[in-house]
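None of the values given here were measured: they were computed from a predicted structure.
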There are 2 protein chains.
Amino acid sequence: MTKSKSAKPTQKKSRQPDVTRRNILDAALYEFAAKGLAGARVDEIAARSGSNKRMIYEYFGNKEGLWLTVLENAYTRMREEEHAIDVARMKPEDGMRYLMEFNFKFCSRNPEFIALLNAENLHKASYLKDSKKIRELYTPLLVVITDLLQRGQKDGVFRKGVDPVELYTTIAALGFFYFSNIHTLSTIFGRNLLSPKQQKTRLDHSMEVVLGYLRP
Amino acid sequence: MTKSKSAKPTQKKSRQPDVTRRNILDAALYEFAAKGLAGARVDEIAARSGSNKRMIYEYFGNKEGLWLTVLENAYTRMREEEHAIDVARMKPEDGMRYLMEFNFKFCSRNPEFIALLNAENLHKASYLKDSKKIRELYTPLLVVITDLLQRGQKDGVFRKGVDPVELYTTIAALGFFYFSNIHTLSTIFGRNLLSPKQQKTRLDHSMEVVLGYLRP
DNA sequence: GAATTTCGTAACTGACCGGTTACTTCCCCG
DNA sequence: CGGGGAAGTAACCGGTCAGTTACGAAATTC
């Protein structure tokens with residue numbers, strides 16, 4: 001619909017649908033991540049976005065439509081970042097380390113992503129299930145892991161018979177869980193797990209666990 | 001306050017504070033787990049409990065007080081179940097397997113527990129932080145793990161220098177994450193991870209990862 | 001520069017929801 | 001058996017919230 005105005009440098013105000021849309025999505029990510037779907041307030045999102053409710057309903061239909069878009073966006077961004085570096089060219093062990101480190105640091109850097117996924121799981125992924133974009137997003141990642149495993153096996157540095165899906169789940173678990181449950185864990189253990197030092201300890205341990213497992 | 005009537009067998013109706021309280025807590029667990037704190041409806045909890053709103057506010061003060069009580073209850077129940085079997089007497093490897101299996105199966109058996117913890121983490125554990133009961137709940141578990149590690153080390157079946165907190169976090173992660181994200185993972189991988197077969201595969205893999213890591 | 005489309009504002013609506021209260025019913029104790 | 005307190009009911013209240021609408025302002029198009 002409105003597409004033809006990307007060359008303009010800086011307009012003072014309004015009539016920038018893409019920018020408005022982006023602002024709404026950013027504000028919604030913040031609000032949804034902080035309060036979940038039910039807890040989030042559309043008025044608050046509108047205020048924070050610098051736009052208004054009318055625009056939200058124009059672009060996204062309703063609160064749930066906005067939720068789904070925010071969710072898809074978050075997933076997409078993660079996969080895009082992950083693909084920025086070419087793991088296929090790395091040595092198997094390095095590639096695996098890179099994947100783990102990326103996963104861990106991405107979770108550390110994007111607490112909203114964590115919150116969003118948890119909230120969506122609370123809803124039994126009912127919104128995600130309707131998404132066409134998502135399913136195909138993970139196929140290339142599995143291809144990369146399968147390739148790493150095969151090459152590592154051939155080089156004799158990885159054991160045989162490792163299921164890529166299981167391995168990916170383990171890698172994701174070790175990164176995701178720590179940040180997903182960081183507040184309750186910090187409370188229980190009486191440690192501040194958000195501190196960089198604790199995070200490093202955790203990542204080192206996780207890597208040792210996975211690579212220890214992978215060695216033949 | 002009302003304590004002295006536990007010998008009575010079965011009364012037909014009402015005037016059973018403990019039963020009413022329990023019913024409210026059960027209903028609240030169900031509702032909170034299904035919809036989170038913000039999404040849960042006090043009216044719905046009242047209806048489901050067979051009691052009514054007035055009793056909820058009498059026993060628990062407000063929605064948040066009810067939330068905290070439900071949360072403490074869930075934690076307590078898990079630790080109690082875990083302590084039912086005496087790991088201290090088991091061989092180190094068996095003890096570790098038992099802990100992992102318990103953790104995994106408890107998560108499988110109690111999806112509400114998962115949902116509750118995730119919701120509480122969304123609130124940055126702000127309710128749990130005020131709880132006095134919780135912190136002391138996990139000390140004995142860490143003692144058990146430390147003991148297992150030491151004995152395993154002495155027997156030469158476990159490696160040295162393993163931090164009990166890190167190890168427990170890993171064990172918890174491998175069980176919890178799978179069930180916490182089971183809906184989004186099922187969607188992404190196009191598998192039904194709730195099936196017993198997939199669960200067994202997952203548990204076997206997790207054990208291999210941890211025990212592989214622990215071996216010297 | 002008028003017509004048309006896009007965007008912004010704010011008031012509005014109707015449903016809902018957490019929490020309260022006035023009142024009734026039941027149980028226990030003397 | 002009757003009085004008092006505990007337990008239960010349902011109506012109610014004030015506030016909130018998702019979603020709508022009416023209208024005016026600005027920008028784009030011709």
Strictly distance-based, threshold 3.5 Å: is any side-chain N or O of A:Thr201 a donor or acceptor partner for the main-chain N or O of A:Lys197? yes
When rounded to whole Å, the OH to P distance for the pair B:Tyr57 and D:dA10 reads 17 Å
Can you tell me whether the side chain of B:Lys53 and the base of C:dG19 have a donor-acceptor pair closer than 3.5 Å? yes
Starting at CG of A:Asp43 and ending at P of C:dA11, how long is that distance when rounded to a whole Å? 13 Å
Whole-Å distance, A:Glu64 CD to D:dC17 P, equals 17 Å
For the side chain of A:Glu208 and the backbone of B:Tyr213, is there at least one donor-acceptor N/O pair under 3.5 Å apart? no
Rounded to the nearest Å, what distance is computed from the CZ atom of residue A:Arg21 to the C1' atom of nucleotide C:dT6? 16 Å
Starting at atom OH of B:Tyr59, determine the distance to atom C1' of D:dA7, rounded to an integer number of angstrom. 7 Å
What nucleic acid atoms does A:Ala46 come within less than 4.0 Å of, heavy atoms only: base, sugar-phosphate, or nothing? nothing
Gap between atoms NZ and P, on B:Lys63 and C:dC16 respectively (whole Å): 15 Å
D:dA7 phosphate, OP1 or OP2, under 4.0 Å from B:Ser51 side-chain N/O: no
Is a side-chain donor or acceptor of A:Ser186 paired with a backbone partner of A:Arg191 at a separation under 3.5 angstrom? yes
Verify, without hydrogens or angle tests, whether A:Glu112 (side chain) and A:Ala34 (backbone) share a donor-acceptor contact under 3.5 angstrom. no
Does a side-chain N or O of B:Asn52 approach OP1 or OP2 of D:dT9 to a distance below 4.0 Å, or not? yes
Residue whose nearest DNA chain C nucleotide is more 5′ - A:Glu58 or B:Arg41: A:Glu58
Can you work out whether A:Arg54 or A:Gly39 has the more 5'-proximal nearest nucleotide on DNA chain D? A:Gly39
Round to the nearest Å and state the distance from B:Arg22 atom CZ to D:dA7 atom C1'. 19 Å
Pick the nucleotide of DNA chain D nearest each of B:Met55 and A:Ala38; which residue has the one closer to the 5' end? B:Met55
Could you check how far CD of B:Glu44 sits from P of C:dG18, rounded to whole Å? 11 Å
Side-chain donor/acceptor of A:Arg48 to backbone N/O of A:Ala28, under 3.5 Å: no
